[in-house]
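Right, one structure below, let's go through it.
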Amino acid sequence: MIIPIIQFLEFYLSGAKDVLTYTVENSFIPYVNIIVFISIIYKSKFDKRQLFLLLVFVYYSIFFKNSFANNASYMINIIITCSLLLFFTNCQIEKLSKKQEKILICFSICLISLYYLYSSERFYEDRFYLVGFIIPHQFSYYCAFLLYYFISKKKFIISVFIGLAGIYVGVRSGFLAILISLLSYFRTINTGRMASVTIKILFSFVILYIIIGSVNNKSFEKIDTLISNTFNTNKQGQDEYTASRSIIWFNMFEEVKGDGFSFNNIIGRGPRSSYEFNNKKIGVAIWMHNDILDILFSLGIFGLCIYVYSFYKYLTTYRDIISVLLFLILIFTNGFFTYSPLTLIVLHRLAQNNSIKNA
């Protein structure tokens with residue numbers, strides 16, 4: 001609970017400038033993640049897999065071009081993701097106390113309120129983002145996982161509030177993640193009450209949607225655009241969306257194919273090399289907008305195997321189809337490790353505690 005507060009405070013104080021590229025050189029968030037990673041190693045009693053991840057982190061941070069700060073800030077997000085996933089396959093996490101849960105509710109409400117209070121609209125082609133003191137993608141991801149947690153606790157009023165807040169920022173991958181999280185609601189009720197409660201939930205969404213629309217007349221247009229772009233009902237917007245990714249991925253596959261069976265494809269081209277590659281090819285320093293492809297390009301087959309193995313162990317431990325869909329949506333449609341997922345995984349694990357208990 002402390003980590004997201006530190007993160008949001010830092011983003012707010014820095015004015016949300018260049019939050020996509022924060023590194024060890026200009027941010028203390030990577031240091032926080034490193035401290036958490038070291039504590040996981042200690043908590044796991046120096047588990048061999050955690051020590052192996054430490055070696056991977058050190059190797060890619062030191063023995064590739066670019067500065068240690070650049071490499072380490074990229075690697076720590078991947079390593080902390082894998083570390084937490086593997087840690088929670090073996091260890092239980094305590095459920096929140098009533099007091100902690102109230103703090104989490106207050107924090108969630110304050111976070112959303114402040115985000116919207118200090119936000120501004122930015123339009124990209126046919127899309128809009130509501131940009132606050134944290135990038136909208138990360139905000140919508142937090143909303144999706146907070147929603148997943150509070151639904152597991154059967155707190156539906158706060159769930160509706162969080163779900164709408166996450167949708168309204170205009171992020172398609174976050175929108176899909178929120179829809180997947182909503183599916184977890186149906187396992188919290190028995191079949192006999194499902195129809196009536198579903199109607200009440202849908203009615204609440206409609207009422208809140210109308211209230212938001214009455215405050216801002218552009219709301220209906222914005223959400224309609226988001227839905228049409230997400231589900232391909234606006235062909236022009238969707239063509240622009242897929243074309244940009246298709247170009248990035250085509251260039252990436254051409255590079256991988258050209259290198260063949262090589263060091264670059266087995267061990268990788270180095271942390272954040274995808275940013276440099278795309279900057280050279282299309283003039284924009286961005287990642288591959290797909291975890292699998294970004295890690296394959298930057299860390300090679302070796303790094304990709306570590307990432308896939310960690311998710312496989314975690315998801316097969318709890319065998320929950322909604323969780324599988326939730327993670328896959330984020331991994332493939334935009335990215336997961338890119339957005340400091342430490343708190344997201346903890347929230348998911350807390351929700352899994354409730355799901356297992358309810359089952």
* Tell me, with the steps shown, if Tyr116 and Phe139 meet side chain to side chain contact (heavy atoms under 4.5 Å, CB included). => CA-CA 11 Å; Tyr116 276 82; Phe139 176 79; 4.0 Å; yes
* To do: Look at the side chain of Gln100 and the backbone N and O of Ser97, then say whether any donor-acceptor pair between them is shorter than 3.5 Å.
  => yes
* Exercise: identify the closest heavy-atom pair between Tyr141 and Ser173 -> OH-OG, 3.2 Å
* Asked: Is there side-chain contact between Asn279 and Val284, with heavy atoms separated by less than 4.5 Å?
  -> no
* Quick one: do Phe250 and Phe277 end up in the same hydrophobic cluster if we chain Ile, Leu, Val, Met, Phe, Trp and Tyr together by side-chain heavy atoms under 4.5 Å apart? -> no
* To do: Using salt bridge (Lys or Arg N to Asp or Glu O under 4.0 Å) as the criterion, list what pairs up with Glu276, not counting sequence neighbours.
  => Lys65
In a table with atom names and distances, give each donor-acceptor pair under 3.5 Å that connects a side chain of residues 296-310 to protein atoms at least two apart or in another chain.
residue	atom	partner	partner atom	Å
Ser298	OG	Ser273	OG	3.4
Ser298	OG	Asp294	O	3.1
Tyr307	OH	Asp291	OD2	2.6
Ser310	OG	Ile306	O	2.8

* To do: Identify whether Ile80 and Leu55 are in the same connected component of the hydrophobic contact network (ILVMFWY, side-chain heavy atoms under 4.5 Å).
  => no
* **Residue that, paired with Tyr74, satisfies side chain to side chain contact (heavy atoms under 4.5 Å, CB included) out of Ile78, Asn77, Asn70** => Ile78
* **Nearest non-hydrogen partners of Ser152 and Ala351, listed with the distance** => OG-CA, 3.5 Å
* To do: With sequence neighbours excluded, tell me which residues meet side-chain hydrogen bond (donor to acceptor under 3.5 Å, both in side chains) with Ser83.
  => Gln50
* Heavy-atom distance under 4.5 Å between the side chains of His289 and Thr338, does that happen here? -> no
* To do: Validate the cation-pi geometry between Arg272 and Tyr275: distance from NZ or CZ to the six-membered ring centre under 6.0 Å, angle to the ring axis within 45°.
  => yes
* Asked: Under 4.5 Å between any side-chain heavy atoms of Tyr339 and Leu344, yes or no?
  -> no
* **Validation row: Leu293, Phe253 side chains within 4.5 angstrom (heavy atoms)** => yes
* Looking only at non-hydrogen atoms, find the nearest pair between Asn264 and Asp259 and report the distance. => ND2-OD2, 3.6 Å
* Structure fact -> Heavy atoms of His137 and Tyr129 approach each other most closely as CE1-OH, 3.5 Å
* Rounded distance (nearest 0.5 Å) linking atom OG of Ser159 with atom CG of Leu147 -> 5.5 Å
* State plainly whether one hydrophobic cluster holds both Leu84 and Ile35, where clusters connect Ile, Leu, Val, Met, Phe, Trp and Tyr through side-chain heavy atoms under 4.5 angstrom apart. => no
* **Full working for ring pair (Phe, Tyr, Trp, His ring centres under 6.0 Å) between Phe64 and Tyr59** => CA-CA 8 Å; Phe64 279 84; Tyr59 172 73; 5.7 Å; yes
* With a 4.5 Å limit on heavy-atom distance, are the side chains of Phe63 and Asn71 in contact? -> no
* **Test side chain to side chain contact (heavy atoms under 4.5 Å, CB included) applied to Ile76 and Tyr31, step by step** => CA-CA 9 Å; Ile76 190 58; Tyr31 291 110; over 6 Å; no
* Asked: Do Leu53 and Leu51 share a hydrophobic cluster (ILVMFWY, side-chain heavy atoms under 4.5 Å, transitive)?
  -> yes
* Structure fact -> Only one of Phe88, Phe327, Phe332 passes ring pair (Phe, Tyr, Trp, His ring centres under 6.0 Å) with Phe311, and that residue is Phe327
* Asked: Can you tell me if Tyr318 and Thr89 form a side-chain donor-acceptor pair at under 3.5 Å?
  -> no
* Taking the side chain as C-beta and beyond, is there a heavy-atom pair between Asn251 and Ile282 under 4.5 Å? -> yes
* Asked: Shortest non-hydrogen contact from Asp47 to Arg49?
  -> OD2-N, 2.9 Å
* Quick one: does Ser181's side chain have a donor or acceptor within less than 3.5 Å of a partner on Ala144's backbone? -> yes
* To do: Report the C-alpha separation of Phe145 and Leu330 in whole Å, then their side-chain angles, then the decisive distance to 0.1 Å, and conclude whether the side chain to side chain contact (heavy atoms under 4.5 Å, CB included) test is met.
  => CA-CA 12 Å; Phe145 280 82; Leu330 298 180; 3.6 Å; yes
* To do: Check the side chains of Ser323 and Asp320 for a donor-acceptor pair under 3.5 angstrom, ignoring hydrogens and angles.
  => yes
* To do: Could you tell me which residues satisfy side-chain hydrogen bond (donor to acceptor under 3.5 Å, both in side chains) with Asn265, sequence neighbours excluded, listed by chain and number?
  => Arg269
* Side chain to side chain, Ile331 and Phe337, heavy atoms closer than 4.5 Å -> no
* To do: Give the minimum heavy-atom separation between Val169 and Pro136, together with the two atoms involved.
  => CG2-O, 4.0 Å
* Going by atom types only, do Arg349 and Tyr314 share a side-chain donor-acceptor pair under 3.5 Å? -> no
Would you be so kind as to tabulate the donor-acceptor pairs closer than 3.5 Å made by side chains of residues 105-113, with sequence neighbours excluded?
residue	atom	partner	partner atom	Å
Ser108	OG	Leu104	O	2.7
Ser113	OG	Ile109	O	2.7

* **Lys155 with Glu101: basic N within carboxylate O range, under 4.0 Å** => yes
* Is it the case that one hydrophobic cluster holds both Ile292 and Leu315, taking links as side-chain heavy atoms less than 4.5 Å apart, direct or via other members? -> yes
* **Verdict with reasoning, Val56 to Met75, per side chain to side chain contact (heavy atoms under 4.5 Å, CB included)** => CA-CA 9 Å; Val56 171; Met75 287 303 302; 4.2 Å; yes
* To do: Check whether any side-chain heavy atom of Leu86 sits under 4.5 Å from a side-chain heavy atom of Asn90, and report yes or no.
  => no
* Only counting residues at least two apart or in another chain, list the ones meeting side-chain contact (heavy atoms from CB on, under 4.5 Å) with Ile62. => Val58, Phe68
* Validation row, ring centre His348 to ring centre Tyr149 under 6.0 Å -> no
